[in-house]
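Input: a single structure, listed below in structure tokens.
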Amino acid sequence: MAKKRIQREIRLIIILAVLSVIFFGLTFGIKAVESHREDAEQQYIDQAVMADLPDHVEVTEGSEHFVLVSEKGEWYLEGNKDVPIDGLQVTDTRSVSKYFAPGRVITGQKDNLKTFGLADPQAKVTLSNAGSSITYLIGNFNPVTNEYYAALEGGDTVYMISKKDGVSLKKPLTDYVAQPEITKASFNDINVIMAKSPDTAYIIAADGGRYLVQTANGTYEIDQAKVMEIFNSFTFSTDYRCVNYDCTEEDLKGYGLDDPAVHVRFMMASDGSEIGLKVAEGADGVHYITDDAGKIVYSISDDDYKEMTEKINIRFN
């Protein structure tokens, strides 16, 4: 009996040893396969990464095509330097190329690019500098994974990139246009405010720490807090969205800005410069704002429009 028990134990030990070898062999085999796959995916990812941030951004989205170029640290629109470009928005796009990190890599898709919307992409974005150039294609959006399909021009690998990165790459030019100059101004630098609307017209001037307002009915002293409210209604908005960066007179009529509801001018004490702004309701019911040049128009929220017009139409007596 003892001999049989020993034999059974020996067989059990042998079986456990064999199973252990198989288990660890499979484990190491799976890890090796996964490691190989990860290495292969990383090679494809590396192809889509730029070593240095680009200094040239070229975007084709639908019928729109534009090029942004850096010159001495400042960004401008090629062919029209009068359009102010927000460097932070450009950096947002450039960073995608340097820190490219897709959620998934799908290789060998040369014959399936149409499935991902990459045969006729939403946008084509070329980022380049003196050392290299990469052209990204942005395809369909996958609402299930919250990702865009992307590829390199001429490649057969599909990358699934975050919604944020996809939006950063395929932004229209209006998203790159800088906010109005008034948003950069400081209240302490304002020494004169001139305002006009169908309901009022006045001039507010700083006078040795006081503020005097001149109207058709006389001159009055006004509390600084009320002056700040007027200024803040134009500077605290977070919803200035460029809708047109090269307006014509006909465009301005459509936005209602040929006959604005509010026309205000802020004069700076430091350099004597002036920021003029016109606010109106367009034919479409949307509210718009532009400066005196009238070339760049931004939409503003209904609440911002209400705030601006209420503060401008303040009563002094």
Side-chain angles (χ1 to χ4, degrees), residues 30 32-69 75 77-79 85-86 89-177 241-246:
I30 290 171
V33 170
E34 288 179 346
S35 177
H36 177 74
R37 186 175 66 248
E38 289 173 359
D39 290 343
E41 285 189 357
Q42 190 59 50
Q43 290 178 7
Y44 287 108
I45 293 172
D46 290 343
Q47 295 173 12
V49 176
M50 295 187 71
D52 300 305
L53 288 173
D55 55 16
H56 185 278
V57 177
E58 182 174 358
V59 180
T60 300
E61 185 192 26
S63 60
E64 184 177 44
H65 176 264
F66 60 91
V67 178
L68 303 176
V69 182
W75 286 87
L77 174 64
E78 190 173 74
I85 299 299
D86 186 344
Q89 287 291 339
V90 183
T91 297
D92 176 58
T93 299
R94 297 161 68 215
S95 297
V96 176
S97 65
K98 185 172 174 60
Y99 305 104
F100 192 77
R104 185 183 172 197
V105 176
I106 311 171
T107 61
Q109 299 299 311
K110 182 178 181 180
D111 298 326
N112 296 319
L113 293 179
K114 185 176 181 180
T115 303
F116 302 100
L118 291 164
D120 183 20
Q122 291 186 27
K124 177 179 175 181
V125 184
T126 299
L127 303 177
S128 57
N129 52 39
S132 60
S133 177
I134 292 179
T135 297
Y136 299 96
L137 306 178
I138 311 301
N140 295 337
F141 177 67
N142 187 328
V144 176
T145 62
N146 204 38
E147 294 172 308
Y148 278 96
Y149 296 111
L152 301 186
E153 187 174 45
D156 63 357
T157 298
V158 175
Y159 303 92
M160 297 183 72
I161 63 175
S162 70
K163 180 180 181 180
K164 178 182 180 299
D165 285 349
V167 170
S168 294
L169 285 170
K170 71 182 193 71
K171 285 185 295 197
L173 179 56
T174 50
D175 281 8
Y176 290 102
V177 176
R241 296 190 61 83
C242 177
V243 296
N244 194 327
Y245 48 84
D246 191 19

### Query
Under the side-chain contact (heavy atoms from CB on, under 4.5 Å) criterion, do V67 and L77 qualify, and how do the steps go?
CA-CA 6 Å; V67 178; L77 174 64; 5.9 Å; no
### Query
Just how far is it from atom OG1 of T93 to atom CG of L53, taken to the nearest 0.5 Å?
11.5 Å
### Summary
Rounding to 0.5 Å, atoms OG1 (T145) and CD1 (I161) come to a distance of 11.0 Å
### Side-chain donor/acceptor of E61 to backbone N/O of A123, under 3.5 Å
no
### Task
Look up atom OG in S128 and atom CG in D55, then write down how far apart they are to the nearest 0.5 Å.
6.5 Å
### Message
Would the distance check show the side chain of R104 and the main-chain N or O of M160 forming a donor-acceptor pair, the cut-off being under 3.5 Å?
### Response
no
### Side-chain donor or acceptor of K171 paired with backbone N/O of Q89 under 3.5 Å
yes
### Task
Return yes if some donor-acceptor pair links the side-chain N/O of Y159 with the main-chain N/O of Y44 below 3.5 Å, else return no.
yes
### Task
Check whether any side-chain N or O of Q109 sits under 3.5 Å from a backbone N or O of T107 as a donor-acceptor pair, and report yes or no.
yes
### Query
Which heavy atom of N140 sits nearest a heavy atom of G117, and at what distance?
ND2-N, 3.4 Å
### Message
Quick test of your reading: applying salt bridge (Lys or Arg N to Asp or Glu O under 4.0 Å), list the pairs with at least one residue in residues 121-147, sequence neighbours left out, ordered by first then second residue.
### Response
K124-E153
### Student check: side-chain heavy atoms of V167 and K163 closer than 4.5 Å
yes
### Query
Which heavy atom of T126 sits nearest a heavy atom of S133, and at what distance?
CG2-OG, 3.5 Å
### Message
With a sphere of 6.0 Å drawn around CG of D46, does it hold more than 12 non-hydrogen atoms of other residues, nucleotides or ligands?
### Response
yes
### Query
Between N112 (side chain) and T115 (backbone), is there a donor-acceptor pair under 3.5 Å?
no
#### Entry: Heavy-atom side-chain proximity of T157 to I106 below 4.5 angstrom
no
### Task
Taking Y136 for its side chain and A48 for its backbone only, find out whether a donor-acceptor pair lies under 3.5 Å.
yes
### Task
Flag the pair Y176 / F66 as yes when at least one side-chain heavy-atom distance between them is below 4.5 Å, and no otherwise.
yes
### Beyond-backbone contact of L173 with L68, side-chain heavy atoms, under 4.5 angstrom
yes
### Message
Can you give me the closest heavy-atom contact between I85 and V90, atom names plus distance?
### Response
CG2-CG2, 3.7 Å
### Query
With side chains defined as the heavy atoms from C-beta onward, is the minimum distance between L169 and L127 less than 4.5 Å?
yes
### ring-ring contact (aromatic ring centres under 6.0 Å, His included) between F141 and Y149, intermediate numbers included
CA-CA 6 Å; F141 177 67; Y149 296 111; 9.1 Å; no
### Any V57 side-chain heavy atom under 4.5 Å of V59 side chain
yes
### Task
May I ask you to decide if D52's main-chain N or O and N129's side chain share a donor-acceptor pair within less than 3.5 Å?
yes
### Query
So which heavy atom on L137 is nearest to which on L118, and how close?
O-CD2, 3.5 Å
### Task
For residues N142 and Y148, determine if any side-chain heavy atom of one lies less than 4.5 Å from a side-chain heavy atom of the other.
no
### Query
Less than 4.5 Å apart, any side-chain heavy atom of S97 and any of V49?
no
### Query
Between D165 and K170, is there a side-chain N and carboxylate O pair less than 4.0 Å apart?
no
#### Entry: Taking every non-hydrogen atom, the tightest pair across M50 and S132
CE-OG, 3.3 Å
